[in-house]
Amino acid sequence: MKSAPAPAHTAYLLLGSNLGERVVTLHRALVALAECAGKIKTVSAVYETAAWGNEGQPAFLNQAVQLGTDLNPQELLRACQQVENDFGRERLEPWGPRTLDVDILFYDDLVLDSEQLTIPHPRLQERMFALVPLADIATTYVHPRLQRSVADLLADCPDKLPVEQWMGDL
């Protein structure tokens, strides 16, 4: 019996939740992404972080994911947005509270700037809540625009908000 071919592309995603049963949402989102977007290859630990950009809201749980996918970047964006919508995501204000957020951080070594999508994520290097979990699974990955490893970006990140490994029930 032949095995299925490996997915053609590798994407790194960041999942975040600060409303409802946050850790349950992250786990269910992984299942949903595996069903519609590709094969989950690796996941980081779960981290709790203060809200970034709009600080008067509950803390987030964040987790980075390495995904093998046959979807192109636009299809992957649509899949991620559909999963967000399925989990009750409402876009009421920039950086506002949300049941689920799924960001595409990297897609292969692609650099893409379109109205709908920018890859690599344009503010990744400014956000500890994204870099800390990403460093769990992609420390040596080189940012295709900045030509610096995730570890180097983390070491030089100007964001000083605390990022703590989640020790709650998984």
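All values below were derived from every heavy atom in this structure, side-chain atoms included, with hydrogens, water molecules and symmetry-related copies excluded.
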All side-chain hydrogen bond (donor to acceptor under 3.5 Å, both in side chains) counterparts of T139, not counting sequence neighbours: none
Can you name the closest pair of heavy atoms from A37 and L67 and give their distance? CB-CD2, 3.9 Å
Return yes if some donor-acceptor pair links the side-chain N/O of S17 with the main-chain N/O of L26 below 3.5 Å, else return no. no
Where is the tightest heavy-atom contact between L100 and A29, given as atom of each residue plus distance? CD2-CB, 3.8 Å
Calculate, to the nearest 0.5 Å, the distance between atoms CZ and CD belonging to R22 and Q63 respectively. 13.0 Å
Check whether any side-chain heavy atom of L33 sits under 4.5 Å from a side-chain heavy atom of V65, and report yes or no. no
With a 3.5 Å distance limit and no angle check, can you tell me whether D101 reaches the backbone of L15 through a side-chain donor-acceptor pair? no
Working to the nearest 0.5 Å, report the span between CZ of F106 and CG of L134. 5.5 Å
Residues D70 and A8: closest non-hydrogen pair is OD1-N, 2.8 Å
Smallest heavy-atom separation, C36 atom then A79 atom, equals SG-CB, 4.0 Å
Under 4.0 Å between a side-chain nitrogen and a carboxylate oxygen: does that hold for D103 and R123? no
Within the side chain of Q66, is there an N or O that forms a donor-acceptor pair under 3.5 Å with the backbone of T10? no
For R98, is there any backbone N or O sitting under 3.5 Å from a side-chain donor or acceptor partner on N18? yes
Within the 4.5 Å heavy-atom criterion, are C80 and L76 side-chain neighbours or not? yes
Set of residues satisfying ring-ring contact (aromatic ring centres under 6.0 Å, His included) with respect to H9, sequence neighbours excluded: Y107
For Y12, ring-ring contact (aromatic ring centres under 6.0 Å, His included) partners two or more places apart: Y141
Heavy atoms of R127 and C157 approach each other most closely as N-SG, 3.7 Å
Rounded to the nearest 0.5 Å, how far apart are CZ of F129 and CG of L61? 13.0 Å
I want to check something: taking the side chain as every heavy atom from C-beta on, are T49 and L161 in contact at a cut-off of under 4.5 Å? no
Tell me if the CD atom of E21 is crowded by more than 12 foreign heavy atoms within 6.0 Å. no
Q82-D86 side chain donor-acceptor pair, cut-off 3.5 Å: yes
Okay, side chain of R28, backbone of F87: is any donor-acceptor separation there less than 3.5 Å? no
CG/D108 to OG1/T69 distance, rounded to the nearest 0.5 angstrom? 9.5 Å
Any sub-3.5 Å donor-acceptor pair from D109's side-chain atoms to P144's backbone N or O? no
